[in-house]
Amino acid sequence: MTSLCLIGCGNMGQAFYHGWINSDLSHVTIYDPLVTDIELRDGDVHITEPEDIPAADIYMFAVKPQMLRQVFEDCSEAFKVVPQEALIISIAAGIPASTFAALFGTKQPIIRTMPNTPALVQRGVTVGYANVRVSPEQKDLADALLSSVGDMYWIEKEDLMHTVTAVSGSGPAYAFLLAEVMGEVGKELGLPEDLSMLIARRTLIGSGALMDHDENIGAAELRANVTSPGGTTEAALSILMDEGELKDLMKRALENAVERSKQLGRG
């Protein structure tokens with residue numbers, strides 16, 4: 001059986017923990033002195049003192065990148081005795097595997113991942129990169145752990161994690177913004193505010209479900225299917241797609257997110 005130490009148990013950390021409730025992990029230790037409202041399985045334990053962090057097979061860092069340096073300092077004594085064969089998993093945006101290698105050693109197996117917030121309802125997307133020290137067995141175990149909250153994918157080039165962060169890590173906010181703006185404009189065009197916000201929200205939810213219904217049908221085909229020649233949808237899309245402005249705007253937005261991810265990695 002496998003033991004795991006979860007460092008950080010905010011929203012994302014708790015999403016993963018609850019995804020493991022029915023897994024074969026023998027024991028989970030949680031360290032997060034700021035989070036006390038955690039519903040534990042029998043046998044699992046929440047500690048508040050970093051010196052009490054025990055040795056484990058897996059250490060998962062579910063902390064914000066801005067907090068990582070402080071965590072390293074607070075837990076420095078406990079991290080000195082991390083077994084060399086223990087697997088390190090990070091979900092800290094922008095932080096490269098080399099940051100963990102500098103702390104734990106270059107022979108440490110390390111997996112860098114980027115999940116997103118739909119993991120809170122087991123509909124997340126997580127993408128991971130494994131360094132050369134990760135064994136096939138450890139990668140399979142990590143895949144099972146990370147896919148407990150949604151879909152799991154792997155990439156071979158770590159630099160692409162910045163783009164992953166921009167597309168899927170930050171992606172839910174783009175969808176939420178679209179729902180927000182559609183609702184606001186519907187109100188400005190005369191709908192009651194509550195109704196406008198509700199139908200904008202439910203339309204995005206339904207559209208996502210339709211995309212999920214058959215993954216062989218691409219987004220462009222789905223868009224075409226709802227766009228009748230000379231109809232209202234075509235009239236709206238003629239504005240949204242005019243001269244590629246929406247694509248250019250999204251490209252600039254994602255490029256900005258990529259650059260911020262790189263900045264976080266540089267500290």
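In this text the structure is predicted, and so the values were computed from the model without any measurement.
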inquiry  = Show the nearest heavy-atom pair for residues Tyr31 and Asp74, with the distance to one decimal.
reply    = OH-CB, 4.3 Å
task = Would you mind listing every salt bridge (Lys or Arg N to Asp or Glu O under 4.0 Å) that reaches into residues 143-160, with sequence neighbours excluded?
result = Arg112-Glu158
key: ILVMFWY cluster, Ile155 and Leu146 together (side-chain gap under 4.5 Å)   = no
query = For Ile217, what are the other residues in its hydrophobic cluster, where any two members join if their side-chain heavy atoms are less than 4.5 angstrom apart?
reply = Leu210, Met211, Leu222
query = For Met182, does the CE atom have more than 12 heavy-atom neighbours from other residues, nucleotides or ligands under 6.0 Å away?
reply = yes
ask   = Between CG of Leu87 and CG of Leu141, what distance do you get to the nearest 0.5 Å?
value = 7.0 Å
Tabulate below the donor-acceptor pairs under 3.5 Å that side-chain atoms of residues 10-20 make, not counting sequence neighbours, or state none.
residue: Gln14; atom: NE2; partner: Cys9; partner atom: O; Å: 3.3
residue: Gln14; atom: NE2; partner: Asp37; partner atom: O; Å: 3.4
residue: Tyr17; atom: OH; partner: Arg41; partner atom: N; Å: 2.7
residue: Tyr17; atom: OH; partner: Asp44; partner atom: OD2; Å: 2.8
residue: Trp20; atom: NE1; partner: Leu145; partner atom: O; Å: 3.1

message = Could you report the tightest heavy-atom contact between Leu68 and Ala92, atom names first, then the distance?
response = CD2-CB, 4.5 Å
inquiry  = Using the side-chain contact (heavy atoms from CB on, under 4.5 Å) criterion, which residues pair with Glu73? Sequence neighbours excluded.
reply    = Arg69, Gln70
request  = Search all heavy atoms of Ser3 against all heavy atoms of Asp57 and return the closest pair with its distance.
outcome  = N-OD2, 2.9 Å
message = I'd like to check the side chain to side chain donor-acceptor pair (under 3.5 Å) partners of Ser261; sequence neighbours left out, ordered by chain and number.
response = His162
inquiry  = Could you tell me if the side chain of Thr165 sits less than 4.5 Å from the side chain of Leu264, heavy atoms only?
reply    = no
query = Can you list the residues that meet the side chain to side chain donor-acceptor pair (under 3.5 Å) rule with Thr29, with sequence neighbours excluded?
reply = His27
Atom pairs and distances, side-chain donor-acceptor, residues 198-205, under 3.5 Å, sequence neighbours left out:
residue: Thr203; atom: OG1; partner: Ile199; partner atom: O; Å: 2.6

query = side chain to side chain contact (heavy atoms under 4.5 Å, CB included) between Val45 and Asp52: does it pass, once the steps are laid out?
reply = CA-CA 11 Å; Val45 60; Asp52 294 329; over 6 Å; no
query = What residues form a side-chain contact (heavy atoms from CB on, under 4.5 Å) with Glu180, not counting sequence neighbours?
reply = Leu177, Glu184
task = Of all the heavy-atom pairs spanning Phe100 and Pro96, show the shortest one and how long it is.
result = CD1-O, 3.8 Å
Phe79-Phe61 aromatic ring centre distance below 6.0 Å = yes
message = Please determine whether side chain to side chain contact (heavy atoms under 4.5 Å, CB included) holds for the pair Tyr174 and Leu254, giving the CA-CA distance in whole Å, both sets of side-chain angles, and the decisive distance to 0.1 Å.
response = CA-CA 10 Å; Tyr174 315 150; Leu254 265 62; 3.8 Å; yes
query = Does anything in residues 84-102 pair up under salt bridge (Lys or Arg N to Asp or Glu O under 4.0 Å), and if so which pairs, sequence neighbours excluded?
reply = none
Tabulate below the donor-acceptor pairs under 3.5 Å that side-chain atoms of residues 121-133 make, not counting sequence neighbours, or state none.
residue: Arg123; atom: NH2; partner: Asp212; partner atom: OD2; Å: 3.0
residue: Asn131; atom: OD1; partner: Ile110; partner atom: N; Å: 3.1
residue: Asn131; atom: OD1; partner: Arg133; partner atom: N; Å: 3.1
residue: Asn131; atom: OD1; partner: Val134; partner atom: N; Å: 3.4
residue: Asn131; atom: ND2; partner: Gln108; partner atom: O; Å: 3.1

ask   = Does NZ in Lys187 sit with more than 12 non-hydrogen atoms of other residues, nucleotides or ligands closer than 6.0 Å?
value = no
key: Side-chain heavy-atom pair Pro118, Pro172 within 4.5 angstrom cut-off   = yes
note = Residues passing the side chain to side chain donor-acceptor pair (under 3.5 Å) test with Arg260, sequence neighbours excluded, are Gln263
ask   = To the nearest 0.5 Å, how far apart are CG in Asp32 and CE in Met67?
value = 8.5 Å
key: Co-membership, hydrophobic cluster, residues Trp154 and Met114, 4.5 Å side-chain   = no
query = In terms of heavy-atom contacts, does CG of Asp242 have more than 12 from other residues, nucleotides or ligands at under 6.0 Å?
reply = yes
message = More than 12 heavy atoms of other residues, nucleotides or ligands under 6.0 Å from CD of Glu215: yes or no?
response = no
query = Would you call Arg252 and Glu245 a salt bridge, using N to O less than 4.0 angstrom?
reply = no
request  = Specify the closest pair of heavy atoms between Ala166 and Ala257, including all atoms of both residues, with the distance to one decimal.
outcome  = CB-CB, 3.7 Å
ask   = Which residue, Ile88, Ile111, Thr2, forms the side-chain contact (heavy atoms from CB on, under 4.5 Å) with Ile58?
value = Thr2
request  = Please name all residues satisfying side chain to side chain donor-acceptor pair (under 3.5 Å) with Glu77, sequence neighbours left out, ordered by chain then number.
outcome  = Lys80
message = One pair to check against salt bridge (charged side-chain N to carboxylate O under 4.0 Å, His left out): Arg266 and Glu259. What are the steps and the verdict?
response = CA-CA 11 Å; Arg266 292 192 289 266; Glu259 181 55 34; 3.2 Å; yes
query = Are Leu191 and Val185 connected in a single hydrophobic cluster, I mean Ile/Leu/Val/Met/Phe/Trp/Tyr linked by side-chain heavy atoms less than 4.5 Å apart?
reply = no
Closest heavy-atom pair and its distance - Ala56, Cys5 = CB-N, 3.9 Å
4.5 Å side-chain heavy-atom contact, Ile53 and Cys75 = yes
query = Is there a path of hydrophobic side-chain contacts, each under 4.5 Å between heavy atoms of I, L, V, M, F, W or Y residues, that connects Ile89 with Met161?
reply = no
ask   = Should Ile91 and Tyr153 be regarded as members of a common hydrophobic cluster, given that ILVMFWY residues are connected when their side-chain heavy atoms come within less than 4.5 Å of each other, either directly or indirectly?
value = no
